[in-house]
Every structure is written in structure tokens, then in C-alpha cells.
Amino acid sequence: MHLNPYGADAVHLAAGLANRRPASPEELVAVCRAAGLLVEDRATAADLTRTHALLDAWEGVVDAPGESERAARLNLMLAAGSSHPRLTDHAGTGWHLHYREDHQSLGDLLFALISVGTALHLVGRGMHRLARCAVDECAVIFADTTRTGRRRYCSHPCANRDAVRRHRANRNADRPDPANRPDRPDRPDRPDRPDRPNHFAAALR
């Protein structure tokens, strides 16, 4: 059995490329190979440009304000980057489906792989399972492949940082504000009693 490469692996690759965009064709190839993608040909500057355009469009899918808009933006990517499904054994590793033409450049291959993989990920796991980290100052993108589908943070450090911040905010909210305390009348000065020595005044002498 040949596992379908379009899905979780594709969105994780997309997130990795978007969060740290490659600066050269060589870096692009290295990231793809580290993710397990078979890169048969040498990448070019055109592949890098095509990949950056792909990532611009993909981040638009991530940042879409709702499910309908997310689907519309992804449909544009599918129309621009994918083709009808076909059986292939291009690497001699077993027959499997491709949603693209054979012998494409790396930039075009990534466009098809990521657009189709993102679509399969969202319809298979949930349209909400693609997001940026919930920590305001962190813009890292992640694909939620957890069992519950409730992931909100890109990493444990960000989750811990936000938990500490919320705990401190709740603790401060529970403390009474001195400015909101009811005014208390000043205690009247007590006259010195002749029958009672003023020890404090005596100590200051």
C-alpha cells in the first residue's frame, strides 16, 4: 500500500516553509527533503519565486475571516495549481495518486501538493484546523492534527507563557482596587489626656 502524500505532511511542510521562508533554491530543496519529499531535479530561482507566491496565497487561506472565505481562497489555489487526479509510479515505489502533471518543476509541484493537501486536511479534519498561534506576539502558523481539534498554540512554551499571563491577569482582577474603596472618615485626633502619659511624644524628646 502506498500512503497518500497529500494531507497532514503537506500542511506541515507548508507551515514550515511559511514560518521560515527559504532564502535560496538550495535551502528550499533542503527543507523539502527534510520533510520527506522526493526532489528529483535541481531547484532554480524561478522555483523559489513560485514557492513564495504559493506561500503568499496559502497564508491568505490561513488568515481568512471565516470558513466560506477560506474555502473560496483555497479553491483559487486548487484551480491555479492542481490538475485532475491520475495514477503514477514515477519513483518506482508503488502506484499512487497525483493531482498534477508529471515532470513538473519543484515550485509547481509544491503548489499542487500544498493546495490539494490543505484541502484534504481541512475537509477531513475540520475547516478550523489551520491557524496562527493564539499568543498575540507570535505569528507562527500550525496545522492542527490533534485528536480533539482544540489546539490553540504553536508550541508548549507559547501555551505556558499564555497560561502564566492569564493567571496573573485573573489574580490582579481579584484584588480590590484601592481607588474604588469607600471613603472612610479620617479618625479624629484624640486629645491628649492629662491622666494618661503620651509615651510616643516622650520618646521623641
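The distance from the CG atom of L28 to the CG atom of L106 is 5.0 Å, given to the nearest 0.5 Å. To the nearest 0.5 angstrom, N160 atom CG is 8.5 Å from S155 atom OG. Rounding to the nearest 0.5 Å gives a distance of 9.5 Å between CG of L37 and CZ of R33. From L54, atom CG reaches atom OG1 of T49 across 12.0 Å, with rounding to the nearest 0.5 Å. Interatomic distance, I141 CD1 to C133 SG, rounded to the nearest 0.5 Å: 11.5 Å. In this structure, I114 CD1 and D9 CG are separated by 11.5 Å, a value rounded to the nearest 0.5 Å.
Closest of all the heavy-atom pairs between C154 and V140 is CB-CG1, 3.5 Å. Across A8 and R125, no two heavy atoms sit closer than the pair CB-NH1, 3.9 Å. Here the closest non-hydrogen pair linking P22 and H52 is O-NE2, 3.0 Å. Nearest heavy-atom pair, A139 versus N19, reported as atom, atom and distance to 0.1 Å: O-OD1, 4.4 Å.
Without hydrogens or angle criteria, H121 side chain to M127 main chain gives no donor-acceptor distance under 3.5 Å. S115 contributes a side-chain N or O that, together with a main-chain N or O of A112, makes up a donor-acceptor pair within less than 3.5 Å.
By the 4.5 Å heavy-atom criterion applied to side chains, W58 and L130 are counted as neighbours. The side-chain heavy atoms of R161 and E137, taken from C-beta on, include a pair separated by under 4.5 Å. Put simply, the side chain of L38 reaches to within 4.5 Å of the side chain of E40, judged on heavy atoms. The shortest distance between side-chain heavy atoms of P25 and T44 does not fall below 4.5 Å. Side-chain contact between S105 and D41 is absent, with no heavy-atom pair separated by less than 4.5 Å.
Under a hydrophobic clustering in which Ile, Leu, Val, Met, Phe, Trp and Tyr are joined whenever their side-chain heavy atoms come within less than 4.5 Å, directly or via other members, F142 and V61 fall into different clusters. Linking ILVMFWY residues whenever their side-chain heavy atoms come closer than 4.5 Å, directly or via other members, places L110 and L122 in the same cluster. There is a path of hydrophobic side-chain contacts, each under 4.5 Å, that joins M77 to L13.
Listed by first and then second residue, the salt bridge (Lys or Arg N to Asp or Glu O under 4.0 Å) pairs involving residues 10-24 are R21-D56, R21-E59 (not counting sequence neighbours). For residues 139-149, every residue pair satisfying the side chain to side chain donor-acceptor pair (under 3.5 Å) rule, not counting sequence neighbours, is listed here: D144-T146.
The residue from E69, R70, R132 that alone fulfils the side-chain contact (heavy atoms from CB on, under 4.5 Å) condition with D63 is R132.
Members clustered with Y153: V135, by chain and number, using a 4.5 Å side-chain heavy-atom cutoff among hydrophobic residues.
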